[in-house]
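Read the structure below first, then the notes.
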Amino acid sequence: MSIEISAKTIQPVRLSYGNLKERFGDKKPASRYQEAVYDVQPTTNFQYLPIWNTKHELYDKSKTAIVMEDWYSFADPRQYYYGTYTIARSKQQDVAEHNFSFVDKRDLFDSVPEEVKQAAREILVPLRHVEWAANMNNCQITDECYGSNFSTLAMFNAMDRLGMAQYVTRLGLLLDGNEETSLDAGKQAWMEAPEWQGLRHAIEDMFVLDDWFELMVAQNFVLDGLVFPLLYDRFEKKLTVEGGATIAMLTEFMDDWYKETVRWTNALAKVTAKESEANQELLSKWTNKWTDRLVGALEPVAAKAFGADGIEQLTKVKEELLARLTKSGVTGLKRS
Amino acid sequence: MPAKKLNLRKRYELLTRGMGWETTHQDMDDVFPYDSFEGIKITDWDKWEDPFRLTMDAYWKFQAEKEKKLYAVIDSFAQNNGQTNLSDASYLSAIKLFITGVTPLEYGAHRGFAHLGRHFRGDGARIACQMQAIDELRHAQTQIHTISHYNKHFNGLHDPFHQFDRVWYLSVPKSFVEDAMTAGPFEFITSISFAFEYVLTNMLFVPFMSGAAYNGDMATVTFGFSAQSDESRHMTLGLEIIKFMLEQHEDNLPIVQRWMDKHFWRAYRLLALVSAMQDYMLTNSPLSWKEAWDVYFVENGGALFEDLSRYGLKMPKYHELATAEAEHLSHQVWSVFCLLGNATGFHTFLPTEEKMDWLSEKYPNTFDKYYRPRFEHWAKQKEEGTFQYLAALPQLCQVCQIPMIFTEVETDPMQLSFRVSEYKGDKYNTCSDGCKDIFDHEPEKYAQAWLPVHQIFQGNSGGATIPEVLEWYKFAPEDGGDYIGSQDHARWQEWKGADDKVKQA
């Protein structure tokens, strides 16, 4: 590169790709987020019907009952595209890695009371299966959804869930010095212990839902809105009081992740509900249906986790969830 | 109590297996409804060997490092007006073809692998597909970001995704990826991971990336290299899935062989566009299509199939024809683009004397005999002002959707290759035995094809005249036609001086 050329200011002939100019005007260059997620998915002139689903085109708005004039009217408040997403998660995993090695190096688990470890085995370790299911469900949303904006978010979420299932697994391994007994017991509890069966049943029913937006509501609005505050926040606080601060260190990732992720589910709920009365009704119907079902399913888990206090804790979490969704414009929610 | 030592393999297994379970409230066949209808028999998904062992924490860490480096280069390229260091602005025709034709394939692969990442019954296979699904999204997004700077300074790059769904030559890649995506999951992965990524990816990757390096395009080289470590994971997945299917049950062999035959041919026809890019669009070509074919397919591919013969898998059908066509392919494809240069979103140009000498050297059996006279004739016509673009729209192959330009290279290279099938009383034209076989096996699928030329005739493409169609494509008048005299050319001269040697005629 010669100095003369680099010193020259070269006026661009356009600032953005055409689709972004149409959406956001051409006063300034589009952001990397906008370039990465808008309008990349094909929309028309599909060549062949999928042989595995001849009722729908390859990308088809009618795969959900939710109707959006523009499936790109929603923007991620975090402005994640692949680069910003991986860089953000890389920082978080650095912290998690540090915490795990710190706990390991200092043998911090030695000072955690056995009852607390047992509580973590019974309540937290089975959550690796819950996260695994969340990975499948978000992968399903990535597969079925409409628009590259949506598929990007769902894909990141799916991979996050795999990552969290792996962190829970590592917690399980630390709990018994890699003997795997905690993981085995967790799986057995997930498959057989009475307190988990309602949740497992509900999740298996989610696996076969037809409407991907209903799945979005069931998994990412309702189930996450109950499980994360109840078990990664309130239950961890209880364990901390009882001498289990070490465990809270190892699930910090989940706590941070939820606080961050709720920003986009809120934004999504808001835009979708605002679009039309019909959307708002569907969101209310699905939220009510899955709140009933999942609160019921979590009652025995809450009782096991908090004892006599369990139902009250769960009720508070449910109230917070419904208040938050109501604030986002999803009205008509059953509060009690 | 000292913790028990876990070796890496065991640790990885615990982090990726045993989290799924046999559902009891829903039938497993309802939870995984798509992984058995193709007839592939899997007796034990636990036999799946992960081709790469990456947990998510490691994935985030490695990928974030790569992204930081890549974006540092992209930023610096833009800041320093890296576009002025190209060998010639005409080189960008290759990048215009890339963002309109290849980047959307990356997005399609993202969605296709997400489908498999949800629907394969085996936990290990699902995770491998999910990793690829997010990688493919990465490739689409980094390509958009890299090429964004060129879009600010050159024409023809402004609406790649709108064009992918409509433009006559972009239905070649579109129909290719949608063919795989609308098939079952095992066929999809055979097509994309094996036939395309494992067997043929070097035919796409090496020409584009070394082409970029040879022509001063540091931005494209950088995203290419950055993607390469992902690609090597993807190639390993391609080989693993083939071995896995073949080891699971002997009944899988004929199905896999048929898919291999089909998708080899499908991918090879798609790469015909790359051949033209490589031999004609690049100002400086690092290697010819024929050379690349000989190294990456004949030698490397031959060794691969030798290795796979222990499973009973044979070389893909019609591979000999593809090798025979290697001496003709790029010339035939570039000819049709030149003849339809009024309807392309990139600039076309006739080969210079220097380029033709290079082509004579690289194609001693065919270039001077069949193709040089053609280009010289058009050059003369252009000089005299009598050159005319094709007035008629070309007929397209019902399967690969390339205009019917290929010839009977094994018998008479001047004779058009033309095959006809009948289905439900209608006639369907294909360009070759390879495409005809594909049609005849699934006529109900290929009869559905959205052929751009048919659609124009049926009035579904913005109007009946070429300008109306081009407007519907969002091709601006300055996007296509000859490079010489174009806005891109004028801008280039403004930066480099009008006396800069004209690299393309």
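Chain identifiers are assigned alphabetically (A, B, ...) following the order of the sequence lines, protein sequences preceding nucleic acid strands; residue numbering begins at 1 within each chain. The figures here come from the full heavy-atom set of this structure, side chains too, leaving out hydrogens, waters and symmetry mates.
Counting heavy-atom pairs closer than 4.5 Å to chain B, the top residue among A/Asp184, A/Asn135, A/Leu183 is A/Asn135. Interface remark: of the candidates A/Leu174, A/Leu15, A/Ile51, A/Ile51 forms the most heavy-atom pairs closer than 4.5 Å to chain B. Of the listed residues (B/His149, B/Arg138, B/Lys61), the one with the most heavy-atom contacts under 4.5 Å to chain A is B/Arg138. Note on A/Gly18, A/Gly83, A/Ser151: by heavy-atom pairs under 4.5 Å with chain B, the leading option is A/Ser151. With chain B as partner, the option from A/Pro42, A/Ala96, A/Gly163 having the largest number of non-hydrogen pairs under 4.5 angstrom is A/Pro42. Ranked by heavy-atom pairs under 4.5 Å with chain B, the first of A/Leu20, A/Thr43, A/Val37 is A/Thr43.
Heavy atoms of B/Thr16 lying under 4.5 Å from chain A belong to its backbone as well as its side chain. For a residue to count as touching a neighbouring chain, one of its non-hydrogen atoms must lie under 4.5 Å from one of that chain's; by this rule B/Gln83 touches chain A with the side chain only. Of the two parts of B/Asp179, the backbone and the side chain both hold a non-hydrogen atom closer than 4.5 Å to a non-hydrogen atom of chain A. With a 4.5 Å cut-off on non-hydrogen atoms, A/Glu180 touches chain B through its side chain but not through its backbone. For B/Ile127, the part lying under 4.5 angstrom from a heavy atom of chain A is the side chain only. Residue B/Arg166 touches chain A through both its backbone and its side chain, counting heavy-atom pairs closer than 4.5 Å. At a 4.5 Å heavy-atom cutoff, B/His162 makes no contact with chain A through either its backbone or its side chain. For A/Gln92, no part lies near chain B; criterion is any non-hydrogen pair under 4.5 Å. When heavy atoms are compared at a cutoff of 4.5 Å, B/Thr103 does not approach chain A at all. When heavy atoms are compared at a cutoff of 4.5 Å, B/Tyr59 approaches chain A solely by way of its side chain, counted from C-beta outward. For chain A, the nearby part of B/Lys10 is the side chain; its heavy atoms alone come within less than 4.5 Å. Using a 4.5 Å cut-off between heavy atoms, B/Pro185 does not touch chain A at all. Contacts between B/Ile134 and chain A at a heavy-atom distance below 4.5 Å involve backbone atoms as well as side-chain atoms. For B/Phe113, no part sits under 4.5 Å from any heavy atom of chain A, backbone or side chain. Proximity to chain B involves both the backbone and the side chain of A/Phe46, based on heavy atoms less than 4.5 angstrom apart.
Counted within 6.0 Å of OH on B/Tyr12, heavy atoms from surrounding residues, nucleotides or ligands total more than 12; the atom is thus considered enclosed. For A/His98, the NE2 atom counts as loosely surrounded, since its 6.0 Å shell holds 12 or fewer non-hydrogen atoms of other residues, nucleotides or ligands.
Put simply, the side chain of A/Gln34 does not reach to within 4.5 Å of the side chain of A/Tyr72, judged on heavy atoms. The closest side-chain heavy-atom distance from B/His119 to A/Gln140 is below 4.5 Å.
Side-chain atoms of B/Asp57 and A/Gln93 include no donor-acceptor pair closer than 3.5 Å. There is no side-chain donor-acceptor pair under 3.5 Å between B/Glu478 and B/Asn155.
Checked against the 6.0 Å centroid criterion, the rings of B/His139 and B/Phe223 do not qualify as a close aromatic pair.
Comment: A/Asp210 does not engage A/Lys63 in a salt bridge, judged by the lack of any side-chain N to carboxylate O separation of less than 4.0 angstrom. Under a 4.0 Å N-O distance rule, the pair B/Asp35/B/Arg121 qualifies as a salt bridge.
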